[in-house]
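Notes follow the structure.
Order of the sequence lines sets the chain letters (A, B, ...), proteins ahead of strands, with each chain counted from 1.
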Amino acid sequence: MIRVQREEFDVGAEVARLTRGNHLIGGVACFVGIVRETAGGEAINAMTLEHYPGMTEAKLAEIEAEAGRRWPLEASLIIHRHGRLEPGEQIVLVITASAHRQAAFEACEFLVDWLKTKAPFWKLEETASGPRWVEAERQDDKAAAKWAGQGRDKAAE
Amino acid sequence: MIRVQREEFDVGAEVARLTRGNHLIGGVACFVGIVRETAGGEAINAMTLEHYPGMTEAKLAEIEAEAGRRWPLEASLIIHRHGRLEPGEQIVLVITASAHRQAAFEACEFLVDWLKTKAPFWKLEETASGPRWVEAERQDDKAAAKWAGQGRDKAAE
Amino acid sequence: MKILYFAWLKAKTGAGEEEVNPPDHVTDVQGLIDWLKERSPGHAQALADLSAIRVAVNQNYAGLDHPVKAGDEIALFPPVTGG
Amino acid sequence: MKILYFAWLKAKTGAGEEEVNPPDHVTDVQGLIDWLKERSPGHAQALADLSAIRVAVNQNYAGLDHPVKAGDEIALFPPVTGG
């Protein structure tokens, strides 16, 4: 399941909803991204996440399906917020559930790395010196590139 | 923080409590272990987790401190339940929070691999053919062994 | 043909979205961007550095040689920074 | 000296915990286990296969050659299966 929304989310409620009734699940991995109060040494008052409605949802659904092909997942969820968020607020939630922990961990990391490099979101930070668009980080591309050819075979080892 | 308890835990409440007010945190990784309804092809009605009071708490605190030395964590939490649990119930929660996601993910996996091999807990499964003690899995030792020498250096790459 | 701009491309071009009818010789993304640059100084500035721009054609990532045609939705934006 | 048994060692020995006073020649874990085996057929059976047993001395994992002395807390248990 994927959701793109302005609203806050509740990690515990989402884990409970995703796993309820499926007793094949043995391990659940989650990632929560949170707005930090500094970036590049400068204080951030808030950030605004712009996105590409339509393409965002389509791409999230695609990558979630891809994770399900690569790893034996029982359930997964991606929630990505947009709009204005202040330091300490939750931005993104990824949950992956599998019979065993390794598949859950790997699929979760895969999805987070992918979100950083391919999900059509752009962050505008509010700083004391004015607003500025966050630039993409090359290390995120490196992180995403490591997943080429990874997945079900490796997790099944 | 570590807790060894009979009671259920709420993942969302624990994430919120652990991260509240610390706006240096950018990424939170969590793992939730859940009782599965089958093991080795046989149905499980419930399992009872026995532990070694005193040593369990000491060992959990030790390994949590070790994770904090290996990775730049802002906060971490291990909750491990004991007593009788039914399929679908949560057994264990590990949360790691860091400025960046890679340290959070790695420390979380490290702690979970460690719990499987070194935390003094023993699982007694209730099956149709009677109770049986779960045997340790060699693949868990392999998973734990991969962390030798891993940590802060690698996460800082 | 619908053109969408995101992040700083929106501010520089002065438009989040515009309907355009490029001439027949515009057949791919590269040709479209060259033609869009002529629309205003803001467009020229926004589209000056192709290495800073990513493209989606009908909501899929596309290269500069990807064909474009009437009815397409073309989005131009900087590298993404979600997650 | 306090001996603790966990999991199936508890059932086989018939005790979760026992206070013992081994003779002076018992100076390490190996010697202690050999001596404990004499306490009952259940103890002998529980402690027969050393490869299936893990040991903690004063709540730290320890090998068979780890010294033991009066006042120590020695725990004997199968490989752990938490998490």
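Listed by sequence position, G26(B), G27(B), V28(B), A29(B), C30(B), F31(B), V32(B), G33(B), I34(B) are the residues of residues 26-34 of chain B in contact with chain A, using a 4.5 angstrom heavy-atom cutoff. Contacts from residues 4-11 of chain B to chain A, taken as heavy-atom pairs separated by less than 4.5 Å, involve D10(B), V11(B) in sequence order. Listed by sequence position, V112(B), D113(B), K116(B) are the residues of residues 111-136 of chain B in contact with chain A, using a 4.5 angstrom heavy-atom cutoff. Residues of residues 84-96 of chain B placed with any heavy atom under 4.5 Å of a heavy atom in chain A are listed by number as P87(B), G88(B), Q90(B).
Note on D140(A), N22(A), V15(A): by heavy-atom pairs under 4.5 Å with chain B, the leading option is D140(A). Put simply, of R36(B), R20(B), E14(B), the one with the most heavy-atom pairs under 4.5 Å next to chain A is R36(B).
In this structure, the side chains of E109(A) and E109(B) come closer than 4.5 Å at one or more pairs of heavy atoms. Counting only heavy atoms from C-beta outward, the side chains of E37(A) and I25(B) never approach each other to under 4.5 Å.
Proximity to chain B is limited to the side chain of A143(A), based on heavy atoms less than 4.5 angstrom apart. Contacts of A16(B) with chain A are absent, with no heavy-atom separation under 4.5 Å from either backbone or side chain.
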